[in-house]
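Just so it is clear: chains get the letters A, B, ... in the order the sequence lines come, proteins before strands, and each one is counted from 1.
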Amino acid sequence: MGAVKNMVKGFLFTGIYVVVSVVIPLVTFTLISDIEGIPFEWEQQDYNNITFWITALGLVMSGLAFFKYSSPKQSIRKGVFALIQVLVNCIYIWSYTFSGAAEITFVITGMGFFSLNLEAMILIYMGVYFLTIIIKIYDIIDFTVNREKIRENRMKE
Amino acid sequence: MDFLDILAEIVGSILLFLKPIVSPIGRWMVGWISTVTQFLKDNLSNGLTFYIVICAMLVISAMIVNSIWPGDKPGASFQKGVDKIDDFETKIEKIDGEDITEEIRRCKDCGNPLGDQEVCPLCGARQI
């Protein structure tokens, strides 16, 4: 695969990451905060925190996605950036709790309120993510040890 | 609907089974992630400039790396240099294989190497 093809692939996946990790969450949170008549309140500070961290970490993830997906398959640089991306992804997911989105209090007008705590679910998800990190580390070791064989196979394609 | 109920129960039981193993790992993960996020909150929460710069740097550096080394062969700009080196090495190999001593101009009288000179520096004989 040539340099141009690699970069096209990189830009494609960067676009997907921007849409999935920045645009869709931002639109969702904006819609929730903008809709009038819905019987719950969203504190402005929570909204500001969420939008800031989603944009900030989403941008970093998109940049890393470009580096990862534009790298040749089974290359060491792909492995390294895949690992960094997983780590940043963990921080991104955790930033939802950090900004208050994992423990949302819905105030129902005239009735009271109820609280939705997603922290336990995120805890299990983080445990699963740890296994992903282990796999990524194994990938880097594998790509490094079998570097010559992988390169030969890639040249044959 | 029965199928969905069964599926939900299976997923639920798997999660319950994994919870004692996965949750402590998750708690450890949350430990270091909280530290990092706290650091980000304390030091890098003023504006998006830092994150935009990081994103741009990643994209630009990836483009440079890809143009130099796309993976299957050296990139276009790098290839020119490699081709020049290959040509040079081929020439050297050719020269190494040939006997160039026969091509050297020598004095007709004494056999001394002459170079471009018309008179032999050793015996003084004129080369006509």
A.B. asks: Do the side chains of A/F143 and A/I134 join up, straight or via other hydrophobic residues, at under 4.5 Å, putting them in one cluster?
C.D. replies: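 Same hydrophobic cluster.
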A.B. asks: Can you tell me which portion of B/V59 sits under 4.5 Å from chain A's heavy atoms? Options are side chain, backbone, both or neither.
C.D. replies: both
A.B. asks: Check whether any side-chain N or O of B/N66 sits under 3.5 Å from a backbone N or O of A/S70 as a donor-acceptor pair, and report yes or no.
C.D. replies: yes
A.B. asks: Measuring from A/L131:CG to B/I25:CD1, what's the distance to the nearest 0.5 Å?
C.D. replies: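 A/L131 atom CG to B/I25 atom CD1 measures 6.0 Å (nearest 0.5 Å).
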A.B. asks: Considering all heavy atoms of both residues, which atom of A/M7 and which atom of B/S67 are nearest to each other, and what is their separation?
C.D. replies: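 Distance-wise, the nearest heavy atoms are CE-N, 4.0 Å.
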A.B. asks: Please classify the contact between A/I133 and chain B as side chain, backbone, both or neither, with a heavy-atom cut-off of under 4.5 Å.
C.D. replies: side chain
A.B. asks: List the steps and the verdict of side chain to side chain contact (heavy atoms under 4.5 Å, CB included) for B/L40 and A/W53.
C.D. replies: CA-CA 10 Å; B/L40 291 175; A/W53 289 111; 3.6 Å; yes
A.B. asks: Is there a path of hydrophobic side-chain contacts, each under 4.5 Å between heavy atoms of I, L, V, M, F, W or Y residues, that connects A/Y17 with A/V20?
C.D. replies: yes
A.B. asks: In Å, rounded to the nearest 0.5 Å, how long is the span from CE of A/M61 to SG of B/C55?
C.D. replies: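 The SG atom of B/C55 is 11.5 Å from CE of A/M61, to the nearest 0.5 Å.
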A.B. asks: Tell me the ring-ring contact (aromatic ring centres under 6.0 Å, His included) pairs involving residues 59-87 of chain A, sequence neighbours left out?
C.D. replies: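 Every ring-ring contact (aromatic ring centres under 6.0 Å, His included) pair that includes a residue of residues 59-87 of chain A, provided the two are not neighbours, is A/F11-A/F66, A/F13-A/Y69, A/F67-A/F81.
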A.B. asks: Report the distance from atom CG of A/L59 to atom CD1 of B/I54, rounding to the nearest 0.5 Å.
C.D. replies: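 It comes to 10.0 Å.
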A.B. asks: Count I, L, V, M, F, W, Y as connected when their side-chain heavy atoms are under 4.5 Å apart, and connections chain through other members. Are A/I140 and A/I137 then in the same cluster?
C.D. replies: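 Yes, A/I140 connects to A/I137 through the hydrophobic network.
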A.B. asks: Just verifying a value: how many Å separate B/S34 OG and A/I91 CD1, rounded to the nearest 0.5 Å?
C.D. replies: 10.5 Å
A.B. asks: Quick check for you: to the nearest 0.5 Å, what is the distance between A/S71 atom OG and B/W69 atom CH2?
C.D. replies: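 The distance works out to 13.0 Å.
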A.B. asks: Checking B/L48 against chain A: side chain, backbone, both or neither under 4.5 Å from a heavy atom?
C.D. replies: both
A.B. asks: If you measure from CE on A/M126 to CH2 on B/W32, what distance do you get to the nearest 0.5 Å?
C.D. replies: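 So the CE of A/M126 and the CH2 of B/W32 are separated by 8.0 Å.
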A.B. asks: Under a 4.5 Å side-chain heavy-atom rule over Ile, Leu, Val, Met, Phe, Trp and Tyr, are A/Y129 and B/W28 clustered together?
C.D. replies: yes
A.B. asks: Kindly work out whether a path of hydrophobic side-chain contacts (I/L/V/M/F/W/Y, heavy atoms less than 4.5 Å apart) joins A/F52 to B/L44.
C.D. replies: yes
